[in-house]
Each structure stands twice: as structure tokens, then as C-alpha cells.
Amino acid sequence: MIDVPTARRPGRPRREEVGDIEKRLIDAAMQMLIQPSGGVTMNALITASGLSRKTVYARYPNMSALLLSVLRQLLDFEMAPLIVPDGADWRMRLRGFIGILMDEVLESHAQVLRRILLMDSSLFEEIKPRVEQLMVHRYIDPLDAFFNELVEHGLIPAQDTVFAAETLMQIVLREAQLRFCNEGADPDISPFIDKATRLICGGLTAEADMLER
């Protein structure tokens with residue numbers, strides 16, 4: 001006797017079905033947001049995902065709920081601290097770190113995050129703790145450790161290394177935001193990396209009592 005699968009009764013979707021629905025919605029939204037235009041509407045999303053309006057609105061009643069889900073997906077990972085490149089010259093090591101950092105903050109997923117917050121800035125409060133956690137763990141902590149290493153070896157004066165690391169991050173993020181707002185900007189980031197390196201190196205090597213002279 002052949003077993004015939006029993007049709008599932010209507011009702012709530014299985015857990016794996018819910019996961020598939022969410023993945024299709026997130027993937028469709030990401031594909032739209034990764035484009036330079038960066039726009040996404042519920043109607044366009046429904047068409048791109050191949051799902052019904054009823055299914056989409058049951059999961060996400062409005063665009064803000066959908067965008068928040070995309071943001072959480074973008075930030076839902078464990079990121080190891082960024083490694084400062086090896087080398088004999090600490091200034092060139094710092095330059096290499098800034099280059100890697102710039103590549104990361106300009107990559108497509110970072111641009112998607114900026115586009116979402118441009119569409120709905122109120123969502124930032126929802127993700128702020130996670131963003132701050134990633135920023136500190138991925139960038140601030142390794143920079144702080146590197147600067148402390150320089151102090152210990154007598155290469156730079158003793159100073160507030162956390163402040164120096166945070167200042168560098170602010171400079172890099174500001175440049176990334178300017179480039180995001182100006183799509184016609186020169187794609188060559190080398191001049192910025194050179195200027196940022198010189199600026200930070202100058203600050204690191206300045207004497208602590210310079211402002212008192």
C-alpha cells in the first residue's frame with residue numbers, strides 16, 4: 001500500500017516556512033537597497049519576492065518593520081577584531097589599517113545600512129547598541145591596543161589612546177558618509193588615506209604640553 005502524504009490543514013506556517021518567507025523578503029529588500037538608487041517600496045518588494053500581499057503584510061505590517069528586520073540581519077554576526085598589518089614602520093602599519101577600514105565602511109552592505117537610515121532615521125535608536133558594540137570590538141579595541149603598544153615601546157608619548165582611536169573612526173566615518181552622499185566622488189581613496197594617516201600620526205607624536213607653550 002502506498003502512503004499518500006496528508007495535506008496540511010490551513011493555519012500558521014511551519015517554522016521552516018516562516019524562515020523561508022523571511023529570507024525571501026530580506027533577500028529581495030537587500031537586492032533593491034544595494035542598487036545606487038537605494039529605494040524600496042512594499043509593492044516592489046512583494047513583486048520581487050514572489051510572495052502574496054497577505055503573506056508580506058502578515059509578517060511586516062509596514063515598511064519600517066521590514067527595514068528594521070534588514071538592519072538586524074546586517075548586524076547579526078560575530079565580527080573578529082580588525083588586525084593591524086605587520087611592518088617595520090608603525091606609520092605604514094597605521095596607513096594599512098586605515099585602508100582596510102575604509103574598504104569596509106564603503107562596501108555594499110555598509111551602504112545598504114546608510115540607505116535604510118536615510119529612509120527612516122528613527123530606526124537608528126533600535127540598532128544603536130549593536131552598532132556601538134561592533135564598532136568598539138571591531139575597530140576601537142584593536143586601534144587602542146596598537147596605540148598602547150606604541151606608547152610602551154616609546155614610539156609615541158603617553159596619551160589617551162582610546163580618544164585617538166575614536167577620533168580616527170570619526171574621521172573615517174565622516175569621509176564614508178560624504179562619499180555616500182556624493183555618488184560622483186573620485187573612487188580613489190588613497191589621497192584620503194594619506195591625509196588621515198598624516199593627521200593621526202601628527203596628533204599621536206605631539207607632546208602632551210604642546211598647547212601650554
Side-chain angles (χ1 to χ4, degrees), residues 19 22-23 25-27 29-31 33-34 38 66-118 123-156 158-180 187-201 203-205:
E22 183 158 344
K23 183 178 185 304
L25 288 169
I26 298 297
D27 287 349
M30 284 288 293
Q31 288 302 313
L33 289 164
I34 213 165
L66 170 64
L67 293 177
L68 180 57
S69 185
V70 175
L71 286 173
R72 286 173 172 163
Q73 183 79 7
L74 286 170
L75 299 169
D76 184 25
F77 58 87
E78 291 300 325
M79 184 176 279
L82 192 63
I83 297 175
V84 178
D86 291 328
D89 187 337
W90 69 267
R91 294 171 179 82
M92 293 306 297
R93 294 178 65 193
L94 179 60
R95 187 189 187 284
F97 185 95
I98 295 174
I100 297 170
L101 177 54
M102 277 298 294
D103 285 340
E104 286 199 6
V105 299
L106 291 175
E107 62 97 30
S108 58
H109 282 68
Q111 300 290 56
V112 168
L113 189 148
R114 291 188 184 91
R115 289 193 177 102
I116 292 176
L117 295 180
L118 185 64
L123 296 177
F124 181 70
E125 289 303 315
E126 296 283 346
I127 63 167
K128 184 178 178 180
R130 178 58 174 163
V131 170
E132 291 177 342
Q133 179 188 42
L134 289 173
M135 292 282 288
V136 170
H137 183 65
R138 176 68 171 170
Y139 308 119
I140 302 297
D141 283 351
L143 269 174
D144 178 38
F146 175 59
F147 294 156
N148 270 299
E149 176 189 330
L150 298 180
V151 172
E152 291 171 3
H153 286 82
L155 297 172
I156 62 174
Q159 57 195 279
D160 187 342
T161 52
V162 173
F163 176 76
E166 291 174 343
T167 299
L168 174 54
M169 280 305 305
Q170 291 172 6
I171 292 171
V172 168
L173 292 175
R174 180 177 182 278
E175 177 67 14
Q177 185 65 23
L178 288 173
R179 287 176 173 270
F180 171 74
D188 183 10
I189 60 176
S190 296
F192 167 77
I193 294 173
D194 290 339
K195 288 189 293 185
T197 303
R198 287 194 298 269
L199 179 63
I200 296 299
C201 287
L204 290 171
T205 56

- Query: Can you find a side-chain donor-acceptor pair between Arg174 and Gln177 that sits under 3.5 Å?
  - Reply: no
Between [X] and [Y], is any pair of side-chain heavy atoms under 4.5 Å apart?
X	Y	result
Leu113	Leu75	yes
Met169	Leu101	yes
Leu71	Glu126	no
Asp194	Arg95	yes
Arg93	Phe146	yes

- Query: Taking everything shown except Phe124 itself, do over 12 heavy atoms lie less than 6.0 Å from its CZ?
  - Reply: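 Yes - once you tally the heavy atoms of other residues, nucleotides and ligands closer than 6.0 Å, there are more than 12.
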- Does a sphere of radius 6.0 Å around CD1 in Ile83 hold more than 12 heavy atoms from other residues, nucleotides or ligands, not counting ones at 6.0 Å or beyond? no
- Can you sort out the partners of Asp160 under side-chain hydrogen bond (donor to acceptor under 3.5 Å, both in side chains), two or more places apart, ordered by chain and number?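 side-chain hydrogen bond (donor to acceptor under 3.5 Å, both in side chains) list for Asp160, sorted by chain: empty.
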- Quick one: pull up CG in Leu118 and CG in Leu123 and give me the separation to the nearest 0.5 Å.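 Here the interatomic distance stands at 11.5 Å.
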- Query: Between the main-chain N or O of Phe180 and the side-chain N or O of Gln111, is there a donor-acceptor pair closer than 3.5 Å?
  - Reply: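 Between the backbone of Phe180 and the side chain of Gln111 there is no qualifying donor-acceptor contact (under 3.5 Å).
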- Is the backbone N or O of Met79 less than 3.5 Å from a side-chain atom of His137, with the two atoms forming a donor-acceptor pair by type?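 Yes; judged by distance alone, with no hydrogens or angles, the pair exists.
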